[in-house]
2 protein chains.
Amino acid sequence: MISQSVNDKRKDLLSAALRLFAENGFHGTPTSKIAKEAGVANGTLFHYYKTKEDLIVSLYIDIKSRMSEYVEAHSEKEKSVKKNFRNQYLQVMLWSLKHRDEFLFIQQFHSSPFASLVPAEEIERLSGKTCEQIEKAIKDKAIKKRDVNYIMTLFTSHTFGLNQYLSKAQLNEKEQKEVIKDSFDMLWKMLS
Amino acid sequence: MISQSVNDKRKDLLSAALRLFAENGFHGTPTSKIAKEAGVANGTLFHYYKTKEDLIVSLYIDIKSRMSEYVEAHSEKEKSVKKNFRNQYLQVMLWSLKHRDEFLFIQQFHSSPFASLVPAEEIERLSGKTCEQIEKAIKDKAIKKRDVNYIMTLFTSHTFGLNQYLSKAQLNEKEQKEVIKDSFDMLWKMLS
DNA sequence: ATCTTTGTAGAGTGATTAGTCAATCTGTAA
DNA sequence: TTACAGATTGACTAATCACTCTACAAAGAT
């Protein structure tokens, strides 16, 4: 099946790029090395992605989608709003810890000039669910009544911060889980 | 006075670099443009900074120092620990809002491969005060007893998050100040 | 006045890199 | 079998960029 091999090459290119970007940054990584690492010729990269920029943005969307899928798949429809939040928070953290490179990349991406190149529809698609959830939580008076973007930003930056801490601090798995739980309690105390 | 004109050139180079970095990122900004923007020749840049990397790290240290100075200068020695924290938080936020480019640069820098090139002594010098303050607050039981780095990371990322929100949301000065105060109350609720 | 150090300029260099292109290969369908 | 479209290759190019080099100027120092 040809379409399979096409997807394989795309995937190979994205994961090669991810590995190298996480290590050397966008600009420390020439397209030639990405192609080599993916096991394809230089020109092939540009067959699938028109420009390097295109590759970077595509990679961002790919990673975000995979994370959303994971969280979605692991979120049981609990009854209470708080339990929903806690579970989602936990899943995001676990995913991030398992996917170091992905997390590093996203961080880099967010504070780069590429960030503004993500199509508005993709942003909507990727953050829509979380927005709705926050809106619902506000309606149910489970969390403070504030601008949704305000809440979301605090939530997101909290996640990033904790991740940064966990990357540096040398903790075993059990300790990590305790810190994650602890940090959620703190976060919730702040928002409710 | 020659030493004055030397410092001027250094300053010119740093502020030119800052302006361009904030707009185009480190790698989107050639040294030639930095020199031009600063009104000096290409070679002059390399007289003051051995490499581009050297310039970037120096700029980071310069910005951080200036922020620390500002916060230091505007922090009255209040009695209560909480008031101290609030005031410091407020000052950091006000500084960040007044210095858009600086804030953008620091964000970019933190999630770049350059971050690891800051000498340990500088890191200590720049974050020492805050560390001590947190330790004192924990001793006084004003905030939760946790790892200092844990607290500091949550504090920092909260600051970054709020800044990001305020950059995007179009609020007037009064509204901004209210959000800052509100966010401090939330942060404090979380940490105490 | 002469020597030394430091600052400044800007053309030049060698290496690197994103992206192109013409040529070949592969799978499919008539 | 033939024809065609898309996939793949890798040599090539045009541009860019960090950094060097040489020449000269300005300012102290002796």
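All values below were derived from every heavy atom in this structure, side-chain atoms included, with hydrogens, water molecules and symmetry-related copies excluded. Order of the sequence lines fixes the chain letters, A, B, ..., with proteins taken first and strands second; residue numbering starts at 1 for each chain.
Spacing between atom CD of A:E53 and atom P of C:dG19 amounts to 8 Å, rounded to whole angstrom units. Following rounding to the nearest Å, B:L13 (CG) and C:dA9 (C1') show an atom-to-atom distance of 13 Å. The CZ atom of B:R10 sits 13 Å away from the P atom of C:dT6 (whole-angstrom rounding). Rounded to an integer number of Å, the gap from A:F46 CZ to D:dG10 P is 15 Å. For A:I56 and C:dT17, the CD1 to C1' distance is 13 Å, given to the nearest whole Å. As a whole-Å value, the separation of A:K36 NZ from D:dT8 C1' is 18 Å. Atom CG in A:N42 sits roughly 15 Å away from atom P in C:dT16 (whole-Å rounding). The CG atom of A:D12 sits 16 Å away from the C1' atom of D:dT9 (whole-angstrom rounding).
Taking only side-chain nitrogens and oxygens, B:T31 never comes nearer than 4.0 Å to OP1 or OP2 of D:dC17. Neither OP1 nor OP2 of C:dA18 sits under 4.0 Å from any side-chain N or O of A:Y49. Contact annotation: A:K9 side-chain N/O to D:dA7 OP1/OP2 distance is not under 4.0 Å.
Using modelled atom types, one finds no donor on one side chain facing an acceptor on the other under 3.5 Å when comparing B:Y165 with A:S157. Of the N and O atoms on the side chains of B:S68 and B:R125, not one donor lies less than 3.5 Å from an acceptor on the other residue.
B:W95 and B:Y70 have tilted rings, their planes meeting at an angle from 30° to 60° on a 0 to 90° scale.
Nearest nucleotide to the side chain of B:H47, out of C:dA18, C:dG7, D:dA7: C:dG7. Checking D:dT8, C:dT8, D:dT9 against the side-chain heavy atoms of A:V40 singles out D:dT9 as nearest. Relative to the side chain of A:T44, the nucleotides D:dA7, D:dT9, C:dG19 differ in distance, and D:dT9 lies closest.
B:M186 and A:M152 fall within a single hydrophobic cluster, where Ile, Leu, Val, Met, Phe, Trp and Tyr side chains are chained together by heavy-atom contacts under 4.5 Å.
Between A:K181 and A:D185, no side-chain nitrogen of the basic residue sits less than 4.0 Å from a carboxylate oxygen of the acidic one, so the salt-bridge criterion is not met.
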